[in-house]
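In what follows, every chain begins at residue 1, and chains take the letters A, B, ... in the order their sequences are listed. Computed from a prediction, not measured in an experiment: that's the story for all the values here.
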Protein chains: 2
Amino acid sequence: MSKQAESACCAGITALDAARADDLAAQFKALGDPVRLRLLSMIAARDEVCVCELTPAFDLSQPTISHHLKLLRQAALIDSERRGTWVYYRVVPGALDRLAAFLAT
Amino acid sequence: MSKQAESACCAGITALDAARADDLAAQFKALGDPVRLRLLSMIAARDEVCVCELTPAFDLSQPTISHHLKLLRQAALIDSERRGTWVYYRVVPGALDRLAAFLAT
DNA sequence: GCCCTGAATCGAGGGGTGTCAATATAGAAG
DNA sequence: CTTCTATATTGACACCCCTCGATTCAGGGC
């Protein structure tokens, strides 16, 4: 949607509009780190996981884990809930399936 | 697999080993950019796409598009073949399905 | 109230990333 | 061989990201 380019030859190729690409890319970007992938995997393995179980599973500082969880949360991949002293994380329902559906196209 | 952490409570949570996480994260990282996502989408929409069709579809310089294609290639998501003056790109068979399968777990 | 623990935020440092203009390379055509 | 076109590479710049130590915030228990 920019230049003189879409001259018949590639009119139909633009399968993904820029807005949706921004949206999806932001979520894939959140998955683009080994630590976050493992965190997500650990959370997805259960209904709910306490941060106190996630943090000691890595050789990283507590603030670093908290930072990665924040990025996953901002990407709308996980959600958190505080209960007393502890905070529990869970996967946002359907979030991963939406990405999987895009890749399977 | 690091600390004193896996004390019964979270022994089974480590669903993803570090090596495989590195592998998958590298591919998701390549998807974590709107331009690359659109490039991949355009390539996946056909069996084969010439660079000369991809470059003019963006408001970006030719070297920038070439750079993004290189990153997608290094992530083993796409493959290229030169035929005469032109270079054609195609999606590596099964690459996207592998990622989709992980997300659908 | 005070302290203790779990988790988030702040600020800084080192490395990585997206973009460009300029240049180099590959192949075809004259 | 020379020239032209299509891609790739290089070098530079601004910006972003991962990590840490230090600090702050939230709740529970004394």
Side-chain angles (χ1 to χ4, degrees), chain A residues 2-5 7 9-10 18 21-22 25-40 42-43 48-75 77-90, chain B residues 2-5 7 9-10 18 21-22 25-40 42-43 48-75 77-90:
Chain A
S2 49
K3 299 181 172 179
Q4 77 296 342
S7 47
C9 69
C10 46
D22 284 6
Q27 295 199 293
F28 282 125
K29 188 174 183 181
L31 297 179
D33 181 278
V35 175
R36 287 196 292 272
L37 259 192
R38 290 175 61 193
L39 282 170
L40 188 70
M42 292 169 73
I43 297 171
E48 203 173 52
V49 180
C50 175
V51 178
C52 61
E53 292 187 77
L54 298 173
T55 302
F58 297 83
D59 282 326
L60 293 170
S61 71
Q62 174 266 322
T64 296
I65 299 299
S66 189
H67 169 68
H68 284 303
L69 289 172
K70 182 181 185 177
L71 292 186
L72 286 172
R73 204 177 341 119
Q74 288 177 333
L77 292 173
I78 61 175
D79 203 352
S80 67
E81 179 195 353
R82 174 164 220 130
R83 282 206 300 276
T85 307
W86 296 277
V87 176
Y88 295 86
Y89 279 86
R90 61 175 58 211
Chain B
S2 50
K3 299 181 170 180
Q4 76 296 341
S7 46
C9 70
C10 46
D22 283 6
Q27 294 199 293
F28 282 125
K29 190 175 182 179
L31 297 179
D33 181 278
V35 174
R36 287 196 292 272
L37 215 48
R38 289 175 62 194
L39 282 170
L40 187 71
M42 292 167 73
I43 298 171
E48 202 172 55
V49 180
C50 175
V51 178
C52 62
E53 292 187 77
L54 298 172
T55 302
F58 296 83
D59 282 325
L60 292 171
S61 71
Q62 175 267 321
T64 297
I65 299 298
S66 188
H67 168 68
H68 284 303
L69 288 172
K70 182 180 185 179
L71 292 186
L72 285 171
R73 203 176 343 116
Q74 288 176 333
L77 292 173
I78 63 176
D79 204 352
S80 67
E81 179 194 354
R82 173 164 221 131
R83 282 208 297 276
T85 308
W86 297 276
V87 176
Y88 296 86
Y89 279 86
R90 62 175 59 212

TODO: Quickly work out the B:E81 CD to D:dA8 C1' distance and round it to whole Å.
DONE: 17 Å
Open item on the list: In this structure, how many angstroms lie between the P atom of C:dG18 and the CG atom of B:L69, rounded?
Closed with: 13 Å
Task: Side chains of A:I43 and A:L54 in contact at under 4.5 Å (non-hydrogen atoms) - done: yes
Task: Whole-Å distance separating the CH2 atom of A:W86 from the P atom of D:dG29 - done: 8 Å
Task: Nearest-Å distance for atom pair CD1/P, residues B:I65 and C:dG18 - done: 12 Å
Task: Residue list, side-chain hydrogen bond (donor to acceptor under 3.5 Å, both in side chains) with A:R82, at least two apart or on another chain - done: none
Open item on the list: Run the side chain to side chain contact (heavy atoms under 4.5 Å, CB included) test against A:C50 and tell me which residues pass, sequence neighbours left out.
Closed with: A:C52, A:E53, A:W86, A:Y88
Task: Integer-rounded Å distance: D:dT7 P and B:F58 CZ - done: 14 Å
Open item on the list: So B:Y89, base contact, sugar-phosphate only, or nothing? Heavy-atom distance under 4.0 Å.
Closed with: sugar-phosphate
Task: With A:Q62 via side-chain hydrogen bond (donor to acceptor under 3.5 Å, both in side chains) - residues at least two apart - done: none
Open item on the list: Distance check needed: C:dC20 P versus B:K70 NZ, whole Å only.
Closed with: 17 Å
Task: Short side-chain N/O contact to D:dG27 OP1/OP2 from A:T85, under 4.0 Å - done: no
- [ ] Whole angstrom is fine here: how far is it from CD in B:Q74 over to C1' in D:dA8?
- [x] 12 Å
Task: Heavy-atom side-chain proximity of A:V49 to A:L39 below 4.5 angstrom - done: no
Task: For A:P63, side chain to side chain contact (heavy atoms under 4.5 Å, CB included) partners two or more places apart - done: A:S61
N/O donor-acceptor pairs under 3.5 Å from side chains in residues 67-75 of chain A, not counting sequence neighbours:
unit_1, atom_1, unit_2, atom_2, d
A:H68, ND1, A:R36, NH1, 3.0
A:R73, NH2, A:Y89, OH, 3.1

Task: Among D:dT7, C:dA7, C:dA8, the nucleotide that comes nearest once only the side chain of B:V87 is considered - done: D:dT7
- [ ] Would you kindly give the CG-to-P distance between B:L31 and C:dG18, to the nearest whole Å?
- [x] 12 Å
Hey, what are the protein-to-nucleotides 18-25 of chain D N/O distances that come in under 3.5 Å?
unit_1, atom_1, unit_2, atom_2, d
D:dC18, OP1, A:R36, NH1, 3.1
D:dC18, OP1, A:R36, NH2, 2.9
D:dT19, OP2, A:H68, NE2, 2.4
D:dC20, OP2, A:S61, N, 2.9
D:dC20, OP2, A:S61, OG, 3.0
D:dC20, OP2, A:T64, OG1, 2.8

